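Keep in mind the model is a prediction, meaning the values are calculated, not measured. A note on names: the letters A, B, ... follow the listed sequences, proteins ahead of strands, and every chain is numbered from 1. Hydrogens, waters and symmetry mates are skipped; everything else that's a heavy atom, side chains included, is used.
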Amino acid sequence: MKNLFKQEWDYIVPSQESQDVLWQKLQEHQDIEQKQKKSPKKLATALLLTASILFTSTVLAEDFGELSEDIFDFFSVTQGERKEYLSNGALILNQLFEGENGSIYLKEVIGDENITYIFYDFIAEEGTVLDKKFYLFEDQQILGAISGSSSSSSYSLEDDDKTDNVVSFVTILDYRVSLEGATINFSVGDLYGYDDYEQNYEHIRWRQQERYKELLRAGETISGINAEDYDLEAETPEEWEVFPDIQAIYGNWTTSFTADFKSYSKLYKINDNIETPDLKMKLKTMSVSPLSIGLEIEFWTYLIDNLHNLGKNQIIRITFTDGTTLEEETGAGLSYSTYTKRGSLNVTYVFPEILEKEIYSVTYYGNEFVLEEYK
Amino acid sequence: MNIEEIVKKHSDTVYKVAYNYFFNPHDAEDIQQTVFLNLLKQPLHLATLEEEKAYLIRMTINACHNLKKSAWKRKVFFLEQQGESSYEQDFLNEDYILLPLLQKLPRKYREVLFLHYYEDYSVGEIGIILQRKPNLISTQLKRGKEKLKLMLGERKYEEFI
């Protein structure tokens, strides 16, 4: 029966003419989508011009859709193919929201199953020059509206033009789950510009001391702090008097948006054992993208020796299709229940630069897992 | 995987699933376009090629249901039932033995026979794709084979199958 079925059904194929129509329609729809993506940028550009904001090198990239060169520079992407790939998954925001003493211009969001990058500019009021070596927001709450453990870090990108009022930032959200489609609550306040890290450190230390003094003056007790070490009678000087070389722009900038980027990750269902003489676990899934690799591992606690050190300083080895390898120490998120005896280990490795080659296999605890397409 | 790769890999499967539903190349081509254009709006994020294929088969069957449900389609069906369709005539040539008979079977049997004998899916996998219980799939597979046997006649069934 099977052979006859296959033989007859093999002849049932669509006509070449209908396939040509299909490809043509797909192309038309993709063109329409591209045009729709472009329109918000035009609106934002017009808005910026109306506001007479000097805006030169950071936003108006024309190659590869709408992505700014900041992203490519940040990830050191050189290949046109990779640039196109990145552009295909990115959410182009192009949203300007104003606050006191400046505005935030949200540019792009990209991400995968493990990590999300938000690129944005701070635009100071006209006439202000942002020429410090680096900038940091004193208050920062950039969070995905989802549950789970997370960490975030932000920093200013290298500034091509030290004579303008624009400085670019990236915020990296490490949630170990995809933020695709989630609401991002974005709030930053009080921008400081520094000439070097020593200055930044001294400023933070000074602010900390001033906070202690305020609390001690209010009669609070602080663990580990002796009130007698502080001159609480002395008048608090102004910040700019103590640090005349630090640039400060005070204000709060708050908004929210939906992270409708397309995750670059490809999810592989593995369900294979990870075994060493000391442990036995199961690698459930592996997510792979040019940004990061994520391993979802499950185990029974009684099959693991030295449970507390599970995943600590473990080496992950990534083998590429060109035969080269990358070995790095990784951390992992460990959780387990002594009641159910079950546990999970989530390993994330974020590539320092976006990958421009293909992954062949991933090795963890000495067990190699070859990606499905190369088996 | 981008849409071009998905179309290249699965366009024949989508076409055959739709063809098996309507036994009409024009409808099958329409469904093929509908499925892939819909994919542009809701991109796939599936782990393996097999999962992707199973998802697309489900999507194709849903698109077929929708087309059949539409008032326009009901009218066309009515008109087609007035006379023999040209596709049945195509099957009168000797190249095809099973397909003309398959066409006469109720769709529920055609679906399971196609997925099992052409796409090599197990009873359990067909159950997942068609969202039916595996026991029901087993029964439908058995009855589908019995009906084919009856239509072919015992002797021819043995000869061809």
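With sequence neighbours excluded, the residues forming a ring pair (Phe, Tyr, Trp, His ring centres under 6.0 Å) with A/Phe74 are A/Tyr117, A/Phe119, listed by chain and number. Judged as a ring pair (Phe, Tyr, Trp, His ring centres under 6.0 Å), and not counting sequence neighbours, the contacts of A/Tyr264 are A/Tyr85.
Between A/Trp9 and B/Tyr118, the ring planes are tilted. Angles from 30° to 60° get that label.
The shortest non-hydrogen separation linking B/Pro100 to A/Glu8 is CD-OE1, 4.5 Å. Nearest heavy-atom pair, B/Asp120 versus A/Lys6, reported as atom, atom and distance to 0.1 Å: OD2-NZ, 3.0 Å. Pairing each heavy atom of A/Leu26 with each of B/Phe36, the nearest pair is CD2-O, 3.8 Å.
For A/Gln19, the part sitting under 4.5 Å from any heavy atom of chain B is the side chain, from C-beta outward, and nothing else. Contact of A/Ser15 with chain B is made through backbone and side chain together, with heavy-atom distances under 4.5 Å.
Side chain of B/Lys16 to main chain of A/Ile12: a donor-acceptor pair is present (N/O by atom type, distance under 3.5 Å, no hydrogens or angles).
Under a cut-off of 6.0 angstrom, the local environment of NZ in A/Lys357 is crowded, with over 12 non-hydrogen atoms contributed by other residues, nucleotides or ligands. More than 12 heavy atoms of other residues, nucleotides or ligands lie within 6.0 Å of CZ in B/Arg110, so this atom counts as buried by the packing criterion.
Here the side chains of A/Val21 and B/Gln32 are not in contact, with every heavy-atom distance at 4.5 Å or above.
The line from CD of B/Gln33 to OG of A/Ser18 is 7.0 Å long, rounded to the nearest 0.5 Å.
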